[in-house]
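Take a look at the structure below.
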Amino acid sequence: MSAPLRHRATAAPLVFPRTLAVGVLGAGRVGATLGAALAAAGHRVVGASGASGATRARLALLLPETPHLPAPAVARAATDLLIVAVPDDALAGVIADLAASGALRPGQVVAHTSGAHGLAVLAPAAEAGARPLALHPAMTFTGTPDDLSRLPGISYGVTAPAELRAFAARLVADLGGVPEWVGENDRPLYHAALAHGANHLVTLVNEAADRLRDAGVERPEKVLAPLLRAALENALRLGDDALTGPVSRGDAGTVRRHLDRLARTAPESVPAYLALARRTADRAVAVGRLRPAEAAVLRDVLDGIEVAA
């Protein structure tokens, strides 16, 4: 179990300048975009770091006036807010190294952009007197200026100490977003939901496009775009009432023909089809779209398919 998170707190209200001195550690797609958005909101981005050629090109594109500095120098220059936008598994090591090097200062806000982590991963920064903040934008990024146009109105999964909530709300407002307050213990579930919805959606769409190509469709994106947009909009608006298709109708024969052909053409797609069909059947039964007797026949088909190892 992680040690309790401790940070130095005072009784006086926290006061931050209107214009923040901001640094970005790990200026990848997320970090560079948030840095550019904060600069557009009037804050000073005083330094950014990143080693790869792609990162340097991204900085030149999105933060052309920002000095490219080593990580400790960025942390020291970012006297008000340090944004740490590194991969989830690298975050703990980066924070520990910064704290050990003395690059962090008391009162400085250290905010990471990981959806999976909360405040515990920032414990070394808090021990150094910095103020911990988890600030995750619920958006997918490309690392281009187009990302900036997608920020207005998006949600940010925020975990913050009580005394930092007002600052976090102001920061999200400066980014044009809306805060969603997520408890420390709920961060993994919050992130799992987003990854399951967004990342797996990309895989699912590309699987569908590949199978259409197998069926001789030259431009699968043209076929899928209106269908998938309508399905997504209906799902967000109607929930499980948006379910359509052979599983929700109990068309076991159609599902069997799907699986027979997939097994011959693209056996790698069969496990995902089976898993999603079973879960779709469960949800369809739960909302009364599929009668239990029909679901039983359908499950017999799904359970009778042998999946190659």
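In this text the structure is predicted, and so the values were computed from the model without any measurement. When reading the values below, keep in mind they use all heavy atoms of this one structure, side chains included, and skip hydrogens, waters and symmetry mates.
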Next on the checklist: Give me the atom names and distance for the closest heavy-atom approach of H258 to P246.
Outcome noted: CE1-CG, 3.9 Å
Checklist entry - Any chance the side chains of T159 and E184 put a donor and an acceptor closer than 3.5 Å? => result no
Next on the checklist: Restricting to non-hydrogen atoms, name the atom on L238 and the atom on A242 that form the minimum distance, rounded to 0.1 Å.
Outcome noted: CB-N, 4.0 Å
Item to check | Note: R105-D80 ion pair, threshold 4.0 Å (strictly below) | outcome: no
Next on the checklist: Quick one: does any side-chain atom of E180 pair with a main-chain N or O of V158 as donor and acceptor, under 3.5 Å?
Outcome noted: no
Checklist entry - If two hydrophobic side chains count as joined below 4.5 Å and joins carry through other members, does L175 share a cluster with I154? => result yes
Checklist entry - Side chains of P161 and L164: closer than 4.5 Å at any heavy-atom pair? => result yes
Side chains of residues 194-205: which donor-acceptor pairs under 3.5 Å do they make with residues two or more places apart or in other chains?
residue	atom	partner	partner atom	Å
H196	ND1	H200	ND1	2.9

Next on the checklist: R18: which residues meet the salt bridge (charged side-chain N to carboxylate O under 4.0 Å, His left out) condition with it, sequence neighbours left out?
Outcome noted: D174
Next on the checklist: Please evaluate residues R211 and D214 with respect to the criterion salt bridge (Lys or Arg N to Asp or Glu O under 4.0 Å), reporting the C-alpha separation (whole Å), side-chain torsions for both, the decisive distance (0.1 Å), and the verdict.
Outcome noted: CA-CA 5 Å; R211 301 295 75 80; D214 292 340; 2.8 Å; yes
Checklist entry - Nearest heavy-atom pair of H43 and R170: which atoms, and what distance? => result CE1-NH2, 3.5 Å
Item to check | Student check: side-chain heavy atoms of L232 and R229 closer than 4.5 Å | outcome: no
Next on the checklist: I'd like to know if the side chain of E127 reaches the main chain of A99, judged simply by a donor and an acceptor atom lying under 3.5 Å from each other, with no hydrogens or angles considered.
Outcome noted: no
Item to check | Single-linkage hydrophobic cluster V178~L171, side-chain heavy atoms < 4.5 angstrom | outcome: no
Checklist entry - Should Y190 and V121 be counted in the same cluster of Ile, Leu, Val, Met, Phe, Trp and Tyr side chains packed under 4.5 Å apart? => result no
Checklist entry - Under the 3.5 angstrom rule, does the side chain of S149 hit a backbone N or O of D146 as a donor-acceptor pair? => result yes
Next on the checklist: Using side-chain heavy atoms (C-beta onward) and a distance below 4.5 Å, is F167 in contact with V15?
Outcome noted: no
Checklist entry - Is any side-chain heavy atom of L148 less than 4.5 Å from a side-chain heavy atom of T33? => result yes
Checklist outcome for this item: Residues L243 and R289: closest non-hydrogen pair is O-NH2, 3.0 Å
Item to check | Residue pair F141 / L151, side-chain heavy-atom distance below 4.5 Å | outcome: yes
Item to check | Test side-chain contact (heavy atoms from CB on, under 4.5 Å) applied to A281 - qualifying residues, sequence neighbours left out | outcome: V247, L290, L298
Next on the checklist: Would the distance check show the side chain of H112 and the main-chain N or O of I83 forming a donor-acceptor pair, the cut-off being under 3.5 Å?
Outcome noted: no
Checklist outcome for this item: What one should report as the nearest heavy-atom pair of V172 and P179 is CG1-N, 3.7 Å
Item to check | For the student: nearest non-hydrogen atoms of R187 and V182, plus distance | outcome: CD-CG1, 3.8 Å
Checklist entry - Out of curiosity, does V285 fall in the hydrophobic cluster containing V255 (side-chain heavy atoms, cut-off under 4.5 Å, transitive links)? => result yes
Item to check | Presence of salt bridge, R257 and D260, under 4.0 angstrom | outcome: no
Checklist entry - When hydrophobic residues are tied together by side-chain contacts of less than 4.5 Å, even through go-betweens, does V46 share a cluster with V74? => result no
Checklist entry - Strictly under 6.0 Å, is that where the ring centroids of Y156 and H136 end up? => result no
